[in-house]
Amino acid sequence: MAANEPLPGTADIWEPETLDWIELENNARDVFHRYSYSELRTPIFERTDVFVRNLGNETDVVQKEMYSFNDRGGRSLTLRPEGTAGVIRAIAFRGLEQGDEARVFYFGPMFRGERPAAGRRRQFHQIGVEAVGNDSPWMDAECIAMLTQYLDQLGISGSRVMLNTRGLPADRPKISAALVEYFTPHAPAMCEDCQRRLSTNVWRMLDCKNPACHDIALKAPNIVDLLGDESRSFFTRVCQGLKDLGVSYELAPRLVRGLDYYIHTVFEVTHPGLGAQDALAGGGRYRIELPGGKKAVEGIGFAAGMERLLMARASLGLQAQPNTEADVMILSLGDQALLPGLQLAQQLRLDCGSLRIKADFSGRSLKAQLRGANKAGAKVALIRGDDELAQGCVLCRDMTSSEQASVPLADLAAWLRDKLPTA
RNA sequence: GUGGCUGUAGCUCAGUUGGUUAGAGCGCCUGGUUGUGGCCCAGGAGGUCGCCGGUUCGAACCCGGUCAGCCACCCCA
């Protein structure tokens, strides 16, 4: 790897791309605030057990993807592979009184040691929300509606909401047994992974992408049919809420999510502009046990991949245009003019609002400096050499019309405001 | 972790029956007279041909390894 290349699966992000990131963040704040969610920033690393306990020890994320290390005190720490665990930890630390709710959103980098591919990085970024301390299906519907509104506001059209339920833990043994009963006779015809899953994680056999397995899974017992009354009624109300809110969704009976803590509602939003990793966002309802024998907390949330949001936008032609380097370029001729150039630039930044002011300190020929001003996209070049300094004026050149005027220093700010209305 | 494709100047890429000082376009710098941009013209800078090793009289080109990128699997955001 070249000496200055970023590590595999990481990237340097430069303007104008950073402008697109800011767009994602600002719209997130705007939309989520309107749903009464507030911003939370948690640490990027946590004690390893925060993730192990929340995500489930048997998950791929925990088993083989975490960046864990021992710090100088010998504690095992981990760079967060996802956002929920840290958020739950923070809420538990602050304390949530009975009947209280916490609604938060966050965004930032996450880390997983996977092989990079399209839409998959080792350092990637998520925007997520968590609503903790509620057990209402209407909350699930609202949460999904908030996500679709966010996508709409970003101009991301063409996404699909895929919806399913996992039911309550109490329903699982029955469902698992039904699945095992169904799959066992088919197992010999299925892929190696599925044969292993038969004993380790039957549910995963439902969404295997191997064509042979997929065909078999299509005829598997429907989870929803096997649910207990409470679970089925919960799911029905989530669906009803979405319908009432005008959120279109598709039932995805074989949608299973990878983390152990999900109960009831699970969903994913996919987008055709992404390639193989087509999930734009995913989430669901969860119940997480806290250490110390306290009551489990229940909540609903989702996370959206920021890189994937950007890819989806890019596939729709939505990308920020680069800013011009400078609106006004200050050109200094001769050594005597350099310090006055520095001073003038500073003064104009105070006097002329949001204009981008750049001073050329190179001491190059006027020709070269003008070429630089042109390249920087400057609308005005302010030129000063010995003559202008002696006269206390500035030679103002309109880079568009090529007209020039000698303007007394005292009138310069007014001249600029007249020339550049945004000043 | 597995597989496929790829790796030549800042960028996009040419460059095979292996043979002298490795090319183009764009970009960059300088100049086209003394303080004037964009167009045009001329000149110039810039590359250990990803890295290491092997085959050969000789390798950007063949072979092996390695690193990296992209894509797919897997998993997920």
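In what follows, chains are A, B, ... by sequence order, proteins preceding strands, each numbered from 1. It should be emphasised that the depicted structure is a prediction, and the values quoted were computed from it without experimental measurement.
Spacing between atom CZ of A:Arg121 and atom C1' of B:C76 amounts to 14 Å, rounded to whole angstrom units. Atom pair A:Ile383:CD1 and B:G35:P shows a separation of 12 Å (rounding to whole Å applied). If you measure from atom CG of A:Asp398 to atom P of B:U36, you get 19 Å, rounded to the nearest angstrom. Atom CZ in A:Phe111 sits about 16 Å away from atom P in B:A77, given to the nearest Å.
Taking atom P on both nucleotides, B:A72 is separated from B:C28 by 35 Å, rounded to a whole Å. Remark: the separation of the C1' atoms in B:U21 and B:A60 is 16 Å, to the nearest Å. With both ends at atom P, the span from B:C71 to B:C51 equals 24 Å, rounded to whole Å. Comparing the P positions of B:U12 and B:G69 gives a spacing of 16 Å, expressed to the nearest Å.
Base engagement by A:Met399 is indicated by at least one non-hydrogen atom pair under 4.0 Å involving a base atom. Among the protein residues, A:Arg364 comes within range of the sugar-phosphate backbone only, with heavy atoms under 4.0 Å from sugar or phosphate atoms but none that close to a base.
Remark: the backbone N or O of A:Asp327 is not paired with any side-chain donor or acceptor of A:Thr324 at under 3.5 angstrom. With hydrogens and angles disregarded, no donor-acceptor distance shorter than 3.5 Å links the side chain of A:Arg384 to the backbone of A:Leu333.
Judged by distance alone with a 3.5 Å cut-off, a donor-acceptor contact links the side chain of A:Ser402 to the base of B:G38.
Of the candidate nucleotides B:G38, B:C71, B:A77, B:A77 has the atom lying nearest to any side-chain atom of A:Arg308. The nucleotide whose nearest atom lies closest to any side-chain atom of A:Pro116 is, among B:C29, B:U2, B:C70, B:C70.
The partner of B:G43 is B:C29, by the rule that a Watson-Crick or G-U pair needs both atom distances under 3.5 Å. Figure legend. B:C73 is base-paired to B:G1; pairs are counted as Watson-Crick or G-U wobble with both atom distances under 3.5 Å. For B:G37, there is no paired base (Watson-Crick or G-U wobble, both distances below 3.5 Å). Partner assigned to B:U48 is none, using Watson-Crick or G-U wobble distances below 3.5 angstrom. B:C62 is paired with B:G54 under the Watson-Crick or G-U wobble criterion, all donor-acceptor distances under 3.5 Å.
A salt bridge (Lys or Arg N to Asp or Glu O under 4.0 Å) with A:Arg103 is found for one member of A:Glu39, A:Glu142, A:Glu130 and no other, namely A:Glu142.
Comment: A:Glu46 does not engage A:Arg80 in a salt bridge, judged by the lack of any side-chain N to carboxylate O separation of less than 4.0 angstrom.
The aromatic rings of A:Phe32 and A:Tyr37 lie tilted to each other, with the angle between the two planes from 30° to 60°.
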